[in-house]
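Shown next, in structure tokens, is the structure this report addresses.
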Amino acid sequence: MLMTSTQPAKISGNTCQQIAAQCTQCGICAVNCRFLTEYGTPGQLALNHDADPATCQDLAFECSLCGLCTAVCPKDLDPRAMFLDLRREAVDAGRAELKKYKRLLNYERKGCSKLFSYYNLPDQCDTIFFPGCTLPGTRPGHTLKAFEYLKARIPRLGIVLDCCTKPSHDLGRDDFFNGMFSEMADFLEENGITTIVVACPNCHTIFVTHGQRFEVKTIYQIMADDPDPDFTLPPDTNLDPVTVHDPCPVRNEPQVQTAVRSLVQRMGISIQESKHTGKRTICCGEGGAVACVNPEFARTWSAKRKQEADGQRILTYCAGCVNFLSRTSGAFHVLDLVFDPERTLAGRPRVAKAPFTYLNRLILKRNVRAMPGSVHRERTFVHGNEPNNTHRLKRIMIMAIIIAAMAGFRAAGFTDNLHPEHLRQTINSFGSLGPVIYLLIYTLAPCLLLPGLPLTILGGILFGPVWGVVYSITGATAGAGLAFLISRYVSAGFIESQLSHPKWQKLYSGVEKNGWKVVAFTRLIPLFPFNLLNYALGLTPIKFTHYILTTLVCMLPACIALVVFSSSILDLFNGKSSTELILGIVLMVLVFTGPAVYRRIKPGQNFPGQNSRP
């Protein structure tokens with residue numbers, strides 16, 4: 001029978017009072033836990049709560065919430081629940097220092113934002129694949145292969161790119177977590193979803209605990225039960241034993257643990273279990289976001305796992321655990337083994353790191369978006385806010401700040417120093433060094449995936465409409481050429497692994513067939529990200545001379561428009577307009593409306609000689 005609510009009930013009763021009354025302070029839970037060794041047993045901490053609740057709340061954020069204390073407690077107490085409740089108390093009281101988790105919460109916010117989320121549900125879909133956040137970013141190719149594998153066995157399978165918001169759950173931000181998770185679960189139920197297939201142990205725990213209206217299973221269980229999985233290793237593969245790290249969120253899920261081991265053993269790899277495994281597994285160090293407040297405690301866990309592995313490679317099925325354990329040990333994901341066994345067993349799994357993880361998620365989303373489906377959505381809901389009103393308010397505030405700054409500058413007489421001629425004289429005082437520095441920065445920017453638009457605008461302001469064009473187009477072309485050469489001769493394998501989207505494969509085919517015409521097309525009608533395009537074209541068979549000349553000529557119109565416009569943009573601070581400013585606006589309208597006009601004239605056509613969008 002399906003449940004009708006995703007609102008989780010908080011732990012019944014006062015957990016501190018329960019622990020204080022029943023904990024015998026035997027110390028078993030503290031044997032392997034640096035946190036409890038440092039601060040005392042759960043019973044001692046619970047006894048201190050009434051006298052000093054603030055200190056207990058603060059200490060709770062140094063607990064990894066891994067649940068090992070709960071697993072080994074001879075009295076069947078649940079200290080993990082107590083520490084989580086203490087975190088909730090701190091948040092409710094406004095005492096939690098959430099600024100320390102800004103990076104983690106921003107990551108979570110991106111995961112469930114309109115930019116990164118996407119729901120694709122085919123007709124009569126009742127099952128979805130929910131890969132989570134980390135796996136799509138670090139292993140987008142494996143994520144697609146996993147979906148294709150599942151879809152071959154579940155024909156009406158859908159896919160949801162979203163975040164389960166477990167970080168907020170573990171930080172005690174219950175209102176936000178409940179609001180976000182309930183909105184997602186309600187949408188899925190309203191669209192007929194009854195089964196969730198996950199790849200992430202954290203997502204598994206969240207859906208099992210708070211999404212009881214759904215049947216939840218892991219992809220590893222499906223793979224292990226497959227009578228003909230066709231997961232084979234290359235001949236003459238080194239089959240050294242591995243040790244399995246069970247992620248702590250699934251310490252009480254033996255069916256998941258068994259499935260992973262069965263899958264690995266069916267591939268011919270033996271497993272040598274460590275001391276802490278299964279129900280008594282230890283944390284990788286990432287749990288509870290402890291690294292944000294006490295990195296030493298977090299490192300203690302990963303060091304212990306490395307010690308117990310005793311030189312053996314560590315296999316796990318949590319992408320987050322792999323990231324953390326890889327800092328000190330040889331760790332890899334089970335899907336690395338399944339979908340790329342040769343490189344994985346050679347110690348070279350294809351794993352992306354930031355900022356490529358964000359690019360990978362966007363590319364994966366575009367791939368998912370192109371799949372057929374009857375229900376599509378990007379998530380715009382944010383608990384406690386009206387997204388449109390918030391964005392509108394931000395835009396109004398930004399405009400108000402700009403207007404106030406302009407008025408303040410004029411009133412204080414600062415605009416005398418903002419005349420283009422004054423700035424250019426300042427640059428000229430540096431002699432040839434000013435343009436050289438500008439060209440160097442612009443050449444390196446595309447290689448570092450930094451946006452070139454601000455640099456082009458800056459070139460117009462500093463060097464004027466003539467030399468601004470010369471320096472900007474030279475820097476942009478040099479940067480595009482350098483990224484091309486890096487891709488072709490230095491990092492071809494890595495870059496190829498990052499560009500697994502079929503769109504890039506069509507780019508390769510288009511260049512192979514039409515050569516420089518495709519480069520010209522993509523420069524004049526910019527439908528690809530400029531920086532990624534430089535790297536992608538380095539993997540194609542086009543000659544470098546053809547590439548660089550076409551890039552120079554075809555980027556020139558947009559460069560001229562931007563530089564001419566920006567060369568007089570500072571006149572706006574003085575309330576003036578100029579011929580260059582008006583001309584620049586006209587040129588920009590002509591250049592940047594080109595793609596829209598082209599799409600209207602030639603819908604669905606992107607490359608010369610092709611009939612479909614790549």
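When reading the values below, keep in mind they use all heavy atoms of this one structure, side chains included, and skip hydrogens, waters and symmetry mates. Nothing fancy with the numbering, it's 1 onward along the sequence.
The line from CG of D162 to SG of C133 is 7.5 Å long, rounded to the nearest 0.5 Å. From L263, atom CG reaches atom CG of L337 across 7.5 Å, with rounding to the nearest 0.5 Å. Note that CG of L335 and CG of L135 are 6.0 Å apart. Values are rounded to the nearest 0.5 Å. Taking CD1 of I206 as the reference point, atom CG of D170 lies at 6.5 Å (rounded to 0.5 Å). Going from atom CG of L84 over to atom OG1 of T15 covers 9.0 Å, rounded to the nearest 0.5 Å. Residue R251 holds its CZ atom at 5.0 Å from CG of L68, rounded to the nearest 0.5 Å.
Two residues are said to be in side-chain contact when any heavy atoms from C-beta on lie closer than 4.5 Å; H169 and N178 fail this criterion. Side-chain contact between L161 and P131 is present, with at least one heavy-atom pair separated by less than 4.5 Å. V290 is not listed as a side-chain neighbour of C63, based on a closest heavy-atom distance of 4.5 Å or more. With contacts defined as side-chain heavy-atom distances shorter than 4.5 Å, the pair V242/F332 qualifies. Looking only at side-chain heavy atoms (C-beta outward), M267 and V338 come within less than 4.5 Å of each other. Side-chain atoms of P74 and I28, non-hydrogen and from C-beta on, do get closer than 4.5 Å to each other. For the pair S302 and C284, the minimum side-chain heavy-atom distance is 4.5 Å or more. In this structure the side chain of R156 never reaches within 4.5 angstrom of the side chain of T127, judged on heavy atoms.
F61 and Y101 have tilted rings, their planes meeting at an angle from 30° to 60° on a 0 to 90° scale. Under the 30°/60° scheme for interplanar angles, the aromatic rings of F381 and H383 are found to be tilted. Using cut-offs of 30° and 60° for the angle between ring planes, the F187 and Y119 rings count as perpendicular.
There is a side-chain donor-acceptor pair under 3.5 Å between R305 and S274. For D340 and H142, the side-chain atoms include no donor-acceptor pair closer than 3.5 Å. Side-chain contact check for Y317 and H333: no donor-acceptor pair (N or O, by modelled atom type) lies under 3.5 Å. If you check the side chains of R103 and N106, you find no donor sitting under 3.5 Å from an acceptor. Residues D78 and T70 bring a donor and an acceptor atom of their side chains to less than 3.5 Å of each other. Inspection of the R379 and S117 side chains reveals no N or O donor paired with an N or O acceptor under 3.5 Å. Checked by atom type, the side-chain pair T218/Q221 shows a donor-acceptor distance below 3.5 Å. Checking Q257 against Q255 by side-chain atom types alone, no donor-acceptor pair falls below 3.5 Å.
Annotation for R266: atom CZ counts as buried by contact number, over 12 foreign heavy atoms lying within 6.0 Å. Within a 6.0 Å radius of NZ in K279, other residues, nucleotides and ligands contribute 12 heavy atoms or fewer.
The pair E296-R299 fails the salt-bridge criterion, with no side-chain N (NZ, NE, NH1 or NH2) lying under 4.0 Å from an Asp/Glu carboxylate O. The pair E378-R369 meets the salt-bridge criterion, with a side-chain N (NZ, NE, NH1 or NH2) lying under 4.0 Å from an Asp/Glu carboxylate O. A salt bridge between E148 and R153 is absent, with no side-chain N of the basic residue lying under 4.0 Å from a carboxylate O of the acidic one. Contact check on D246 versus R261 returns a salt bridge, with a Lys/Arg side-chain nitrogen under 4.0 Å from an Asp/Glu carboxylate oxygen. Taking 4.0 Å as the cut-off between side-chain N and carboxylate O, K102 and E108 do not count as a salt-bridged pair. Under a 4.0 Å N-O distance rule, the pair E215/K217 qualifies as a salt bridge. Comment: E189 engages R213 in a salt bridge, judged by a side-chain N to carboxylate O separation of less than 4.0 angstrom. In summary, D336 and R139 engage in a salt bridge, as defined by a charged side-chain N under 4.0 Å from a carboxylate O. Of the charged side-chain nitrogens involved, none lies within less than 4.0 Å of a carboxylate oxygen, so that R348 and E342 do not count as a salt-bridged pair.
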Worksheet item: Is there a side-chain contact (heavy atoms from CB on, under 4.5 Å) between R488 and L539 once you walk through the steps?
Response: CA-CA 6 Å; R488 176 162 291 185; L539 304 175; over 6 Å; no
Worksheet item: Should V91 and D174 be marked as a side-chain contact (heavy atoms from CB on, under 4.5 Å) after you check the CA-CA gap, both sets of side-chain angles, and the distance that decides it?
Response: CA-CA 9 Å; V91 172; D174 268 14; over 6 Å; no
Practice prompt. Start with the C-alpha distance between I159 and I128, add both sets of side-chain angles, then the distance that settles side-chain contact (heavy atoms from CB on, under 4.5 Å), and finish with yes or no.
Written response: CA-CA 5 Å; I159 184 169; I128 62 161; over 6 Å; no
Worksheet item: Stepwise, does the side-chain contact (heavy atoms from CB on, under 4.5 Å) test hold for I219 with M223?
Response: CA-CA 6 Å; I219 184 175; M223 287 178 164; 3.7 Å; yes
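Of the possible donor and acceptor atoms, one in the side chain of K365 sits under 3.5 Å from a partner among the backbone N and O of L115. Of the possible donor and acceptor atoms, one in the side chain of T258 sits under 3.5 Å from a partner among the backbone N and O of P254. With S374 contributing its side chain and D123 its backbone, the two residues share a donor-acceptor pair below 3.5 Å. In this structure, E62 contributes its side chain and F297 its backbone to no donor-acceptor pair below 3.5 Å. Put simply, the side chain of T243 gets close to the backbone of Q272: a donor and an acceptor are under 3.5 Å apart.
Note: F130 and F214 fail the aromatic proximity criterion, with ring centroids not under 6.0 Å apart. Proximity of the aromatic rings of H210 and F177 is defined here by a centroid distance below 6.0 angstrom, and this criterion is met. For F207 and F181, the distance between ring centers is under 6.0 angstrom.
For the pair C69 and L36, the tightest heavy-atom approach, listed with the atom from each and the gap, is CB-CD1, 4.1 Å. Considering all non-hydrogen atoms of both residues, A224 and A259 come closest at CB-O, 3.5 Å. Taking each heavy atom of F176 and S168 in turn, the nearest pair found is CD2-OG, 3.3 Å. When all heavy atoms of I196 and I193 are compared, the pair lying nearest together is CD1-CG2, 3.9 Å. The two residues P122 and G158 make their nearest non-hydrogen contact at CD-CA, 3.5 Å. A pairwise comparison of heavy atoms in F356 and A352 identifies CB-CB, 4.2 Å as the closest pair.
Annotation: cation-pi geometry satisfied between K110 and Y358 (NZ/CZ under 6.0 angstrom from ring centroid, within 45° of ring axis). Both the sub-6.0 Å distance and the 45° axial angle are satisfied by R327 relative to the ring of F324. Under a cutoff of 6.0 Å and an axis angle of 45°, R361 and Y107 form a cation-pi pair.
Remark: of the listed residues V264, D240, L315, V264 is the sole one forming a side-chain contact (heavy atoms from CB on, under 4.5 Å) with I269.
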